[in-house]
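To start, the structure itself, in structure tokens.
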Amino acid sequence: MSRIIAIMNQKGGVGKTTTTINLGHALALEGKRVALLDMDPQGQVATGVGLDNDQGLDRVLLDDHAIDDYIVPARDGLDIIPAGIQLSDFEHISTGGSTRGHKLRLAVEASSLTDYDYVLIDCPPSSGLLGINAMFAAEELIIPVSGDYLSLQGLSRMMQILKRAESISGHEIKLWLVMTRMQMRRRLTQEVRERVLKYFPSRVFSTVIRENVTLAECPSFGKTVFDYKAKSAGGEDYQSLAHDLLHGRTS
Ligand SMILES: Nc1ncnc2c1ncn2[C@@H]1O[C@H](COP(=O)(O)OP(=O)(O)OP(=O)(O)O)[C@@H](O)[C@H]1O
Ligand SMILES: [Mg+2]
């Protein structure tokens, strides 16, 4: 049984893709079998691990192709399914009624991804059809929250979307939060973390992902932090976050 987890926040630039790639690789290094699904038309999961973003979930969602035809090996224990260059077209599909939101879930259920230990879904910074599909496909949600006040504002909207998705899909979605891009010396950072802990008691992962230049450099080399510089703050933090997820460790 795989754990299917969507990495979601409609706010841009909070670290969704960075978390998908590096948490995914960290889990693979722990001996888990991991797949990364790229539901963001920006296609940065593939490029972030040094692979092409030509085809993938665009063909699955637009032309009903099988996911298994687009699984690409990325590292030992780590496979990806790219977004594909036409994925943004799916956001404008108006036919199919309410089944449109369930296309990804059905495609995952019909694929070999059910044999993986972890399936991580990188989501776009929006709450359109792609995000809805990710939410319906997932049993768990990780919301990265960056250390600024604006990221608190987006959270209440995320919660409304989550509640609606739960009532439509009829299954409970387990919620996790992770503090990202944290500048530990700033007082604001501590205040934001305290607020989030107060609103989401025991849902916030113990590990704090620090703002770390190594994490920002990796994607331009097509490398994860573990390929590039495992012994960096970023490497330490994402390894620690993987342990949080494996053991359900929260603050
Ligand atoms: N902990 C960190 N320290 C330093 N830079 C980071 C960190 N996390 C992410 N970044 C950088 O911040 C930028 C945004 O990160 P990322 O692309 O992961 O966010 P995102 O939420 O996926 O964005 P989008 O909403 O556009 O998809 C990137 O340039 C990334 O390299
Ligand atoms: Mg992203």
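Whatever order the structure lists ligands and atoms in, that order sets their numbers, starting from 1.
- In this structure, the side chain of D117 does not engage the main chain of S2 through any donor-acceptor pair within 3.5 Å.
- Here T17 meets the criterion, with an N, O or S atom under 2.8 Å of the Mg ion (ligand 2).
- Residue contacts with ligand 1 do not include E217, since none of its heavy atoms lies under 4.0 Å from the ligand.
- Looking at N133, D58, L57 one by one, the single match for side-chain contact (heavy atoms from CB on, under 4.5 Å) with F90 turns out to be N133.
- Of the protein's heavy atoms, K16 N, 3.4 Å lies nearest to atom 20 (P) of ligand 1.
- For ligand 1, the polar-atom distance check against G15 finds a nitrogen or oxygen pair separated by under 3.5 Å.
- Side-chain contact check for D122 and T17: at least one donor-acceptor pair (N or O, by modelled atom type) lies under 3.5 Å.
- Of all protein heavy atoms, the one closest to atom 26 (O) of ligand 1 is Q42 NE2, 3.3 Å.
- Checked against a 3.5 angstrom limit, the closest N/O atoms of G13 and ligand 1 fall inside it.
- Listed by number with element, the atoms of ligand 1 under 4.0 angstrom from any heavy atom of D40 are 27 (O).
- Between the T250 side chain and the S202 main chain, a donor and an acceptor come within less than 3.5 Å of each other.
- Checking S112 against D68 by side-chain atom types alone, a donor-acceptor pair falls below 3.5 Å.
- A donor-acceptor contact closer than 3.5 angstrom links the side chains of Y238 and T19.
- Using a 3.5 Å distance cut-off with no hydrogens or angles, the side chains of T207 and D244 do pair a donor with an acceptor.
- No more than 12 heavy atoms of other residues, nucleotides or ligands sit less than 6.0 Å from atom CG of D76.
- Protein heavy atom in closest approach to atom 3 (N) of ligand 1: N212 N, 2.8 Å.
- Distances between N or O atoms of R181 and those of ligand 1 include at least one value under 3.5 Å.
- In terms of N/O distances under 3.5 Å, ligand 1 is not approached by D122.
- For ligand 1, the atoms lying closer than 4.0 Å to a non-hydrogen atom of R210 are 1 (N), 2 (C), 3 (N).
- Proximity to L215 (heavy-atom distance under 4.0 Å) selects the following atoms of ligand 1: 1 (N), 2 (C), 31 (O).
- Considering backbone and side-chain atoms together, P125 places no N or O closer than 3.5 Å to any N or O of ligand 1.
- In this structure, atom 28 (C) of ligand 1 lies nearest to the protein heavy atom T18 OG1, 4.8 Å.
- Using a non-hydrogen distance threshold of 4.0 Å, I209 registers as a contact of ligand 1.
- The single protein non-hydrogen atom nearest to atom 31 (O) of ligand 1 is A216 CA, 3.3 Å, given as residue, atom name and distance.
- Relative ring orientation between F226 and H25 is described as perpendicular, the plane-to-plane angle rising above 60° on a 0-90° scale split at 30° and 60°.
- Of the N and O atoms on the side chains of Q86 and R59, at least one donor lies less than 3.5 Å from an acceptor on the other residue.
- Interface of G12 with ligand 1, defined as ligand atoms under 4.0 Å from a residue heavy atom, comprises 25 (O).
- Within 6.0 Å of atom CZ in R249, more than 12 heavy atoms from other residues, nucleotides or ligands are found, so the atom counts as buried in its surroundings.
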